[in-house]
Amino acid sequence: MGALRLPSLALLLSPCKSLRLVSRPLLLRLRPSTLKPAASVSGGAGSRGLSSHSLAKEESSLPPPSADRKPSLSYEGSVTPRSVDFNAWYLDVIASAELADYGPVRGTMVIRPYGYAIWEAIQEYLNVKFKETGHSNMYFPQFIPYSFIEKEASHVEGFSPELALVTIGGGKELEEKLVVRPTSETIVNHMFTQWIHSYRDLPLMINQWANVTRWEMRTKPFVRTLEFLWQEGHTAHATLEEAEKEALQMIDVYKKFAYEQAAIPVIVGRKSRAETFAGAIRTYTIEAMMGDRKALQAGTSHNLGQNFSRAFGTQFTDENGQRQHVWQTSWAVSTRFVGGIIMTHGDDAGLMLPPRIAPIQVIVVPIWKTADEKNGVMNAVSSLKDVLHKADIRVKIDDTEQRTPGWKFNFWEMKGVPLRIEVGPRDVANESVVVSRRDIRGKPGKDFGISMEPSVLVTHIKSRLEEIQTSLLQRATSFRDSNVVDVNSYNELKEAIAQGKWARGPWSASDAEEVKVKEETGATIRCFPFEQPQGQKKCFMTGNPADEVAIFAKSY
């Protein structure tokens, strides 16, 4: 991602509404950096009241809420079709599925409970994997001395255009301005220097779940916002080989999550020099193809080498009594992944969630007309809920009386719930239910007459959930593979990119040639995939021998 400039006007919060530290007011004055913009890498809203017609621009800026926005419920028919305007469709889905809303500060978002529940599912899976691989959770302060950022030259150059700075605290000008955390490599190194003394202290492997601030000028809910949530892992090792093994291990954790939980068939690879994280010697990435065929950088893992340890003097005494600088890594995924799930699987009816990360896997909709029918139906659905809950299936009953069953069907389809169980008086009499799949709409996706007998029902529901999980991954993989084109010349690359596809071809050209491709086509090297074709290759740009193929695409 290219570097972005800070706004020319400072944002000044009034003291009466300012943050307070130790009961003293803290005033945030956000100033543009005086350093030159440079390439940097991001970690990578609405309620039902969002007005999506005003948000049709690609990567639109998020304005503050306005009084003239009228609440509306958007379901199929009012949601912009993906094929007409993908960006408007995306914003409509976020609004109608109640995933997020605008924050009062331009470029921020409030993640609503349903959207946050998806993020919690990501957290729950990754937390287990991080601990299985030997990492411990902890927390670092949000405010970082600006001098820390300046210590590593490429780091400050890469991040300076996105920094938010605190210059006033307690009503006085601060002696040293503070940075609102854009990432934590610097403050982590400051603390590592105090904790690491001997080879016995290594490896040191930690992770934190936190918020970060990057002053983005062009924002898109979940994909790129001024503030977002993420996890960031940081490790220190005795050797380069250990650090490299760690960086590769963690990108593999992300890959498995993408495939096995989010049903997103990411391509794993190494970033080009131009796209490498500011301060790293190598960056590994998982790249996902969205429904509009743009690439989304869904997670990254960086081998930092000794760049930060040399800048901060983070050293240890090795087994021979010699002082050495530690070798480090950092790695992260963010709430950007929620946006990736929306854009990979959603359709014109709304969100479509893979069962393994869906906050609600089964929605039960009771149907009745009379009071007597209601009693019988509600007794049945209550028993069904207990049976499914005991089987560790996430289930909810929608027994609200203000809406019709048809309205509820559309509403829960919009929210992407994988399965729906419909129970009416006739079903109760027959001791059976109707089960509907979200990924196959209409009669083809319905199973009629499924027995209410607990073992039969649970087996059927679990089987269908696994089928949906598999189906979503297969569908996304087929879409991706059909939109990746192998190219052998620059003209072929330009043609592929013009058609909105990804281009894959041999590459050994210079950084300047890479910049030329970006300027002329809008595409960047997403990665050099780990999976490489065999045989001799010739760079499509220069005709020189090439060791690897690269993937080019337009991206978010």
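We number each residue from 1, following the sequence as shown.
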Please identify each residue that fulfils side chain to side chain donor-acceptor pair (under 3.5 Å) with [X], with sequence neighbours left out.
X	value
Thr344	none
Glu401	Lys374
Asp399	none
Asp398	Thr400, Trp412

List in chain and number order the residues that pass salt bridge (charged side-chain N to carboxylate O under 4.0 Å, His left out) with [X], two or more places apart in sequence or in another chain; answer none if no residue qualifies.
X	value
Arg420	Glu413, Glu422
Glu232	none
Lys462	none

For [X], what residues pass the ring-ring contact (aromatic ring centres under 6.0 Å, His included) criterion, not counting sequence neighbours?
X	answer
Phe86	Trp89
His135	Trp331
Phe257	Tyr125, Phe337

Validation row: Ile360, Arg394 side chains within 4.5 angstrom (heavy atoms): no
Side-chain touch His302/Thr329, heavy atoms, less than 4.5 angstrom: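 Heavy-atom side-chain distance check fails, nothing below 4.5 Å.
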Atom pair NZ/CD1 of Lys396 and Ile421 - distance to nearest 0.5 Å: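 Here the interatomic distance stands at 14.5 Å.
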Separation of Lys294 NZ from Asp292 CG (nearest 0.5 Å): 6.0 Å
Taking NZ, NE, NH1 and NH2 as the nitrogens, is one of them in [X] or [Y] under 4.0 Å from a carboxylate oxygen of the other?
X	Y	answer
Asp347	Arg82	no
Asp439	Arg437	yes
Arg480	Glu287	no

Distance-minimising heavy-atom pair for Ala247 and Ser301: O-OG, 2.7 Å
Shortest non-hydrogen contact between Gly522 and Lys554, atoms and distance: O-CG, 3.6 Å
Chi angles and distances behind the side chain to side chain donor-acceptor pair (under 3.5 Å) call for Lys271, Gln297: CA-CA 11 Å; Lys271 285 288 189 182; Gln297 179 181 287; 3.0 Å; yes
Steps toward side-chain contact (heavy atoms from CB on, under 4.5 Å) verdict (Glu216, Thr225): CA-CA 6 Å; Glu216 304 279 5; Thr225 49; over 6 Å; no
Test log, rule ring pair (Phe, Tyr, Trp, His ring centres under 6.0 Å), inputs Trp209 and Trp119: CA-CA 11 Å; Trp209 294 91; Trp119 177 237; 5.7 Å; yes
Please tabulate, for the side chains in residues 381-391, all donor-acceptor contacts under 3.5 angstrom to protein atoms that are two or more places apart in sequence or on a different chain.
{"unit_1": "Ser383", "atom_1": "OG", "unit_2": "Asn379", "atom_2": "O", "d": "3.2"}

Inter- and intrachain pairs under salt bridge (Lys or Arg N to Asp or Glu O under 4.0 Å), touching residues 350-363, at least two apart: Arg356-Glu466
